[in-house]
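To start, the structure itself, in structure tokens.
Starting from 1, each residue takes its place in the sequence as its number. Just so you know, these numbers use all the heavy atoms, side chains as well, and skip hydrogens, waters and symmetry mates.
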Amino acid sequence: MDTPAIRTSDGTGPGTRRAAVRDRVVRTPGGLSLRVDVRAFTVVVALLLAAFTASVVLIGTGDFPIPAVDVLRTLMGNGDAGQEFIVNELRLPRVLVGLLVGGSLGLGGALFQSISRNPLGSPDVLGLAQGSTAGALVVIVLFSGSAGQVTVGALVGGLVTGLAIYLLAWKRGVHGYRLVLVGIGVSAIVTAVNGYLITKADLVDAARAVVWMTGSLAGRDWSQVWPLLWMCAVLVPLVLANARGLRMTEMGDDVSYALGVRVERVRMLLMVAAVLLTAGATAAAGPVGFVALTAPQLARRLTRSPGPNLAASMCMGATLLITADWAAQRAFGADQLPVGVVTGVLGGVYLLWLLVTERKAGRI
């Protein structure tokens, strides 16, 4: 027997009041209004503060430790010559690459999971990272290319793989489970190709390829920062501008069409953006595993909000990667690990937990 909703004298019930507390409408002097989810906004601000704090701590950590106050003073242009060189030339670029790569992976993972309507629909599972790896390996093994050429090869490999997955998954539209299944198949094929390329490389190129495949922020400088920054400056506003259409597509194609959403146009545009974000991040730091898988899920659990949670996922990805890089440098004594090792271990544990949770819920 259904229990009737409890209504108050003003006609509202507990659910209505919770929604009113959760959401706030912000009106501008020009007459525009924007509904703000208070909890989600608070989570985004907290994640930004956490990422900033971790960045300052990471910049001050190393063989020449710098107190956090001196790091902030140096970032504002008031440090001495030695501190400015260490902070601005040696450590700041690595931290910025970590933030941009983590944010790109978090946002790309949120897009793929929303489009596929599947928590496993991330670039790690769909094979995009493996495709970027294949492009980089072709340049390293077959052409002994420079670092810049490896970056271009990784970007092209990710784009080609994303296009192949989209075309193979197309059948009067792209649907979630078909996209995931095709992505898993493509990932297996590309992984085999990568293994073959490694076996054909000479010792020096093979060692170089294995280091790149691990995923690392070591040695990153301003030449990696600027391309990634420009890419994010273009793609992030584009994605956020289409967030409303993406959220409506989660209600189903028929409902979205009825509400005036051009479903395939939105889906295609955001998939291209997600592929570019993932490929660009992989080109800058190598295939850093599981950030794209875990960041959107953790963000959703913190915000407790339906929908793709794009901003929270992006901030969570940046926070996760910069924290993992600190752990890779300092949590294992004198041994410094590539950040991909840390994210791989933590992400693997999280993936097992997610699979068990989804199985208990009867969704897989």
Side-chain angles (χ1 to χ4, degrees), residues 37 40-55 58 95-116 118-126 128-129 132 158 162 215 217 228-229 231-240 242-243 246-247 270-305 307-327 339-340 342-344 346-348 350-351 354:
D37 187 322
F41 179 78
T42 303
V43 168
V44 169
V45 172
L47 288 173
L48 288 174
L49 290 175
F52 177 77
T53 302
S55 298
L58 186 56
V95 169
L96 290 177
V97 170
L99 292 172
L100 291 170
V101 168
S104 298
L105 292 176
L107 182 57
L111 289 172
F112 274 113
Q113 290 179 18
S114 180
I115 291 171
S116 65
N118 192 316
L120 297 178
S122 77
D124 307 294
V125 178
L126 297 181
L128 292 174
S132 295
L217 297 175
L228 199 55
L229 182 61
M231 183 189 71
C232 291
V234 173
L235 293 178
V236 171
L238 177 66
V239 170
L240 296 180
N242 287 273
L246 177 64
R247 185 165 185 170
L270 293 181
M271 279 194 66
V272 171
V275 170
L276 287 172
L277 287 167
T278 304
T282 305
V288 180
F290 290 107
V291 174
L293 175 68
T294 58
Q297 294 298 313
L298 293 176
R300 185 187 297 270
R301 283 164 172 76
L302 287 177
T303 62
R304 298 179 186 173
S305 174
N309 290 284
L310 298 179
S313 299
M314 181 170 57
C315 296
M316 176 61 75
T319 304
L320 280 177
L321 190 55
I322 208 69
T323 305
D325 191 37
W326 177 87
V339 68
V342 177
T343 60
L346 297 178
Y350 178 81
L351 177 59
L354 181 62

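Formation of a donor-acceptor pair under 3.5 Å by the Thr343 side chain with backbone atoms of Gly340 is found in this model.
In this structure, Leu298 and Leu320 have side chains that are in contact, with non-hydrogen atoms separated by less than 4.5 Å. Within the 4.5 Å cutoff, the side chain of Ser313 has no heavy atoms near those of the Leu107 side chain. When side chains are defined from C-beta on, Leu47 counts as touching Val43, because their heavy atoms get closer than 4.5 Å. Two residues are said to be in side-chain contact when any heavy atoms from C-beta on lie closer than 4.5 Å; Ser55 and Leu99 meet this criterion. Looking only at side-chain heavy atoms (C-beta outward), Val44 and Leu48 come within less than 4.5 Å of each other. For the pair Arg300 and Ser305, the minimum side-chain heavy-atom distance is 4.5 Å or more.
Expressed to the nearest 0.5 Å, how far CG of Asn309 lies from CZ of Arg301 amounts to 11.5 Å.
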Next on the checklist: What verdict does the side chain to side chain contact (heavy atoms under 4.5 Å, CB included) test give for Phe290 and Leu293, after you've listed the backbone C-alpha separation in whole Å, the side-chain angles of each residue and the deciding distance to 0.1 Å?
Outcome noted: CA-CA 5 Å; Phe290 290 107; Leu293 175 68; 3.6 Å; yes
Item to check | Candidate pair Leu310 and Met314, rule side chain to side chain contact (heavy atoms under 4.5 Å, CB included), full reasoning | outcome: CA-CA 6 Å; Leu310 298 179; Met314 181 170 57; over 6 Å; no
Checklist entry - Would Val45 and Leu49 satisfy side chain to side chain contact (heavy atoms under 4.5 Å, CB included), going step by step from the backbone distance to the final call? => result CA-CA 6 Å; Val45 172; Leu49 290 175; 4.3 Å; yes
Checklist entry - Can you list the steps and then say if Leu302 with Met316 is a side chain to side chain contact (heavy atoms under 4.5 Å, CB included)? => result CA-CA 10 Å; Leu302 287 177; Met316 176 61 75; 3.3 Å; yes
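For the side-chain contact (heavy atoms from CB on, under 4.5 Å) test with Ile322, the passing option among Val339, Leu58, Thr53 is Leu58; the others fail.
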